[in-house]
Chemist: 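This structure is in structure tokens; I'll ask about it shortly.
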Amino acid sequence: MNDKDKLSVLYSREEIASAIKSLAQEIKREYKDKKPILISILKGSFMFMADLVRELDFPLEVEFVRFSSYGREKKSSGEIKVIQGITFDVENRHVLIVDDIVDSGLTCNFLKKLLTDKKAASVKVCALSIKPSQHTMPVNIDYSGLVIPDKFVVGYGLDFNQKYRNLPDICILE
Ligand code: IMP
Ligand code: MG
């Protein structure tokens, strides 16, 4: 850890775990008989995905895509780099996008369109957290847990310059 960065806990590991339990209950109601594909957007949502699927006790598949839009900044560049795209079949499948945080909404809408174009039976979004102040386009989030103020956060998978993903709490980076 860098001594110069000031971190303060916004959501503790206990609060995160309890938000995930509630999300899992809602998701189960909708998907328990649909054998959905859960698609995690790497890298940020790796930890959320791992914890979420362990709360889901019905048949499902997991897949991953990897996008990058932040580079080394605290603001989205507005351009999405596809590092690993959709390498699996989604036609006629129910898919649930699993994202760590919806900020501008760009990433989520981009992936939704790709999946719709590939003829998924349904496409919904589950975001652990949302930053409503930063939505730059309408974005429909079907399941969301935590609300983040207009601050940059790290931890629980979220990074700044690839640092802090391993923190168990979600912290504000001053
Ligand atoms: P978008 O602006 O909604 O496209 O968000 C793109 C991605 O940027 C998110 O899925 C996160 O991985 C990352 N991101 C957005 N806000 C933050 C933040 O406050 N801290 C760390 N990563 C963030
Ligand atoms: Mg992300």
Side-chain angles (χ1 to χ4, degrees), residues 1-2 4-13 15-17 19-20 23-24 27 37-53 62-87 90 95-117 120 123-174:
M1 202 161 293
N2 184 337
K4 278 185 257 157
D5 292 336
K6 200 171 155 271
L7 298 170
S8 53
V9 174
L10 176 64
Y11 289 111
S12 67
R13 60 205 81 179
E15 289 170 306
I16 296 169
I20 293 174
L23 286 171
I27 291 168
I37 307 178
L38 273 64
I39 305 178
S40 153
I41 307 179
L42 295 173
K43 298 180 194 170
S45 62
F46 79 99
M47 211 177 267
F48 175 40
M49 180 74 150
D51 284 342
L52 178 66
V53 294
V62 299
E63 292 289 354
F64 299 88
V65 292
R66 187 168 159 207
F67 297 153
S68 173
S69 59
Y70 269 50
R72 300 170 64 84
E73 306 300 320
K74 285 189 186 173
K75 271 250 163 287
S76 168
S77 65
E79 215 177 283
I80 296 166
K81 227 180 14 199
V82 177
I83 297 165
Q84 182 184 313
I86 303 169
T87 55
V90 296
V95 301
L96 180 63
I97 296 171
V98 175
D99 205 0
D100 49 357
I101 182 167
V102 176
D103 189 39
S104 67
L106 206 67
T107 309
C108 236
N109 282 346
F110 175 77
L111 180 55
K112 258 193 191 173
K113 178 162 190 318
L114 288 182
L115 292 164
T116 311
D117 289 349
V123 182
K124 289 194 176 185
V125 178
C126 171
L128 174 62
S129 65
I130 54 171
K131 219 190 256 184
S133 62
Q134 293 295 314
H135 292 0
T136 57
M137 52 173 63
V139 50
N140 188 15
I141 302 155
D142 303 276
Y143 310 97
S144 67
L146 310 166
V147 177
I148 308 281
D150 192 9
K151 304 265 186 201
F152 196 81
V153 289
V154 295
Y156 198 76
L158 293 157
D159 74 308
F160 176 59
N161 273 348
Q162 303 305 327
K163 278 193 311 189
Y164 302 125
R165 292 192 196 274
N166 53 323
L167 297 176
D169 308 305
I170 294 178
C171 302
I172 292 173
L173 178 66
E174 305 294 353

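Remember, it's 1-based here, ligands and their atoms both numbered in the order they're listed. Positions are given from 1 along the sequence.
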Chemist: Mind checking what makes salt bridge (Lys or Arg N to Asp or Glu O under 4.0 Å) contact with R13, not counting sequence neighbours?
Modeler: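 Partners of R13 by the salt bridge (Lys or Arg N to Asp or Glu O under 4.0 Å) criterion, ordered by chain and then number, come out as D169.
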Chemist: Assess C108 for proximity to ligand 1: is some non-hydrogen atom of it under 4.0 Å away?
Modeler: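 In this structure, C108 fails to qualify as a contact of ligand 1 - no heavy atom is under 4.0 Å.
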Chemist: Quick check on contacts: which atoms of ligand 1 are under 4.0 angstrom from a heavy atom of T107?
Modeler: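 Atoms satisfying the 4.0 Å criterion: 1 (P), 4 (O), 5 (O), 6 (C).
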Chemist: Is the shortest distance from a heavy atom of S104 to ligand 1 less than 4.0 Å?
Modeler: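 It does; at least one heavy atom falls under 4.0 Å.
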Chemist: If you measure every N/O of V102 against every N/O of ligand 1, is any gap under 3.5 Å?
Modeler: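 Between V102 and ligand 1, no N or O pair is found under 3.5 Å apart.
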Chemist: Work out whether the distance between some heavy atom of I41 and some atom of ligand 1 is less than 4.0 Å.
Modeler: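 No, I41 has no heavy atom closer than 4.0 Å to ligand 1.
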Chemist: Any atom of ligand 1 sitting under 4.0 Å from a heavy atom of K131?
Modeler: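 For ligand 1, residue contact (heavy atoms, under 4.0 Å) with K131 is present.
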Chemist: With sequence neighbours excluded, what pairs up with F67 under the ring pair (Phe, Tyr, Trp, His ring centres under 6.0 Å) test?
Modeler: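 Counting only residues at least two positions away or on another chain, F67 forms a ring pair (Phe, Tyr, Trp, His ring centres under 6.0 Å) with F110.
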Chemist: For ligand 1, which atoms, with element, lie under 4.0 Å from some heavy atom of D99?
Modeler: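 Close to D99: 10 (O).
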Chemist: Should V153 be listed as contacting ligand 1, given a heavy-atom distance under 4.0 Å as the test?
Modeler: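 Yes; V153 lies near enough to ligand 1 that a heavy-atom distance drops under 4.0 Å.
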Chemist: Based purely on interatomic distance, does I101 place a nitrogen or oxygen under 3.5 Å from a nitrogen or oxygen of ligand 1?
Modeler: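 The answer is yes, given that I101 and ligand 1 share an N or O pair closer than 3.5 Å.
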Chemist: Quick check: closest heavy atoms across M49 and L38, and the distance to 0.1 Å?
Modeler: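 Closest approach of M49 to L38, heavy atoms only: CE-O, 3.3 Å.
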Chemist: Does D159 have a non-hydrogen atom less than 4.0 Å from ligand 1?
Modeler: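 True for this residue.
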Chemist: One pair to check against side chain to side chain contact (heavy atoms under 4.5 Å, CB included): V98 and V53. What are the steps and the verdict?
Modeler: CA-CA 10 Å; V98 175; V53 294; over 6 Å; no
Chemist: Got P132 and V147 here, is their nearest side-chain heavy-atom distance under 4.5 Å?
Modeler: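 The answer is yes, as the side chains (C-beta and beyond) meet within the 4.5 Å cut-off.
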Chemist: Quick one: look at D100 and ligand 1, take heavy-atom pairs under 4.0 Å, and tell me if it's side chain, backbone, both or neither.
Modeler: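 For D100, only side-chain atoms sit under 4.0 Å from ligand 1.
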Chemist: Can you check whether I37's main-chain N or O pairs, donor with acceptor, with E63's side chain at less than 3.5 Å?
Modeler: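 Answer holds: no.
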Chemist: What are the two closest heavy atoms between T87 and Q84, and how far apart are they?
Modeler: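 Heavy atoms only, the tightest pair is OG1-NE2, 4.2 Å.
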Chemist: Determine the sole option in L111, T116, N140 for which the side-chain contact (heavy atoms from CB on, under 4.5 Å) test with V123 is passed.
Modeler: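 It is T116, the one option of L111, T116, N140 that forms the side-chain contact (heavy atoms from CB on, under 4.5 Å) with V123.
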